[in-house]
Amino acid sequence: MSTNDSPEEQGGAGRPPEPPKAPKTPEAPEAPEPPKAPQTPEPPTEPETPQSPESLRPPRSSESPQSPQPPQSPEPPEPSEPSKEVPGQPEETGRQRLAAGLWPPRVSRAQLIVALLLFVLGLGLAIQVRSNSDSSALRGARQEDLVRILDELDGRTKRLEDEKQRLEDQRKELESSSNQAEEARRQTVEKERQLGILAGTVAAQGPGITLKITDPTGQVQSDQLLDTLQELRAAGAEAIQINGVRIVAGSYFSDENGGVAIDGKKITQPYEFKVIGKPQDLEPALNIPGGVVQTLEKEQATVAVTRSAKIVVDALRAAKQPDYARSSS
């Protein structure tokens, strides 16, 4: 083969010679398509949510029951978004939240039982404290006051026992008397006489004392005379007369210019008490330490107590006819 072969021979026999290929140029970007006419918008389809990396992970061991699940560390809680406050609604204070937590109450049966037991215990303690406070007045009293209170209690007990014995004797007389109607009439008259003495409608006489109070400085007032009267009544006085005024259950004392008034009638000093009762009980009741005599002597008054076998109380009070009360017999 010679070097001067023709191009026909190089390209192959019977083939026309191919034109030389132009060098490849980089492909030009495709021209944008012309805008299409607007079409009716189709309803939007839900966009596919991108798969999270956790979904791409292989299934955990908990999904396969064959392999035990390793302990997982607790994931930190995601920070919650701040709650949006409703405009116009004030924020609750701590007191309001506490009230909302306490009411309405949520009480169980056990709590009710415990509350009932505590209530009973508190009531018992209150009664105990009250009884202790009542007795504390006597615990802190002076010795002379305790002696006076004890004497008054003994005198009242003795008078009640005498009254009980007298009523029992009357009952026996009524039961044993052959003429019970006459005996009942006699006892009724006796009872009327006794009630007349107490009411001041009839005169009375008997053993007792005379109490004379001289007040040169004028310091004795009506309340001190009233205390003297109450002390005599507590000691068993049955009939009392002060300066010609009969003392009854409804008597009252008041201060007047230069003296004292009893039931509206003014009396002047010296104040003289005529008292019917047991002298052995009346005089000690006035002379006990801290009693009436010592109290009046502190006011620069002179007190004289005299026992007597016969005291006459002849000042009378008019019987008041009741306006509405009538006898039921």
Side-chain angles (χ1 to χ4, degrees), residues 148-149 151-152 155-156 159 192-288 290-325:
R148 177 175 58 83
I149 294 172
D151 291 341
E152 292 179 358
R156 292 177 184 177
R159 291 193 300 273
E192 181 182 4
R193 187 186 65 82
Q194 294 176 0
L195 293 177
I197 293 175
L198 296 177
T201 57
V202 297
Q205 64 179 9
I209 63 171
T210 301
L211 173 64
K212 190 174 183 180
I213 302 174
T214 306
D215 181 24
T217 59
Q219 298 297 323
V220 178
Q221 297 181 355
S222 59
D223 56 345
Q224 295 170 335
L225 296 182
L226 179 60
D227 293 340
T228 304
L229 174 63
Q230 298 293 354
E231 193 71 36
L232 292 170
R233 283 177 171 174
E238 297 177 353
I240 303 175
Q241 175 180 317
I242 305 175
N243 286 26
V245 179
R246 186 70 171 268
I247 302 300
V248 294
S251 297
Y252 62 92
F253 290 73
S254 61
D255 291 321
E256 296 289 342
N257 294 331
V260 177
I262 303 176
D263 296 337
K265 184 178 180 180
K266 185 178 179 180
I267 60 174
T268 57
Q269 59 169 320
Y271 306 113
E272 185 178 11
F273 289 69
K274 292 183 178 181
V275 186
I276 296 177
K278 188 176 182 180
Q280 293 81 1
D281 294 337
L282 296 175
E283 185 179 3
L286 298 174
N287 291 319
I288 61 175
V292 172
V293 174
Q294 287 190 359
T295 302
L296 292 174
E297 288 177 350
K298 289 180 182 179
E299 301 294 339
Q300 307 301 321
T302 303
V303 182
V305 181
T306 305
R307 294 187 183 187
S308 177
K310 183 180 180 180
I311 298 292
V312 178
V313 175
D314 52 3
L316 302 180
R317 299 289 293 266
K320 183 179 179 181
Q321 183 68 24
D323 296 330
Y324 303 101

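Ser251 and Arg246 make their closest contact through OG-O, 3.9 Å (heavy atoms, listed as atom of the first residue, atom of the second, distance). Taking all atoms of both residues into account, the shortest heavy-atom contact from Ala203 to Leu316 is N-CD2, 3.4 Å. The shortest heavy-atom contact between Glu272 and Asn243 is N-OD1, 2.8 Å. Counting all heavy atoms, side chain and backbone alike, Ser222 lies closest to Phe253 at CB-CB, 3.9 Å. A pairwise comparison of heavy atoms in Ile311 and Ile276 identifies O-CD1, 3.5 Å as the closest pair. In terms of heavy atoms, Glu231 sits closest to Leu286 at CG-CD2, 4.3 Å.
Within 6.0 Å of NZ in Lys266 there are more than 12 heavy atoms belonging to other residues, nucleotides or ligands.
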Residues Asp314, Gln241; criterion side-chain contact (heavy atoms from CB on, under 4.5 Å); working and verdict
CA-CA 8 Å; Asp314 52 3; Gln241 175 180 317; 3.4 Å; yes
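For the side-chain contact (heavy atoms from CB on, under 4.5 Å) with Leu211, the qualifying choice from Ile242, Thr228, Val275, Ile240 is Thr228, the only one to do so.
The shortest side-chain heavy-atom distance between Thr210 and Phe273 does not fall under the 4.5 Å cut-off. In this structure the side chain of Leu296 reaches within 4.5 angstrom of the side chain of Gln224, judged on heavy atoms.
With Gln230 contributing its side chain and Asp227 its backbone, the two residues share no donor-acceptor pair below 3.5 Å. Asp263 contributes a side-chain N or O that, together with a main-chain N or O of Tyr252, makes up a donor-acceptor pair within less than 3.5 Å.
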Extract all donor-acceptor atom pairs below 3.5 Å that involve side chains of residues 192-202 and protein atoms in other chains or at least two apart in sequence.
| from | atom 1 | to | atom 2 | distance (Å) |
| --- | --- | --- | --- | --- |
| Arg193 | NH2 | Glu190 | OE2 | 2.6 |
| Thr201 | OG1 | Gly196 | O | 3.3 |

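Distance check: Asp215 CG to Gln269 CD gives 5.0 Å after rounding to the nearest 0.5 Å. Atom NZ of Lys265 and atom CD1 of Ile262 lie 9.5 Å apart (nearest 0.5 Å). Considering CD1 of Ile247 and CZ of Arg317, their distance stands at 7.5 Å, rounded to 0.5 Å.
For residues 273-287, every residue pair satisfying the side-chain hydrogen bond (donor to acceptor under 3.5 Å, both in side chains) rule, not counting sequence neighbours, is listed here: Glu283-Arg307.
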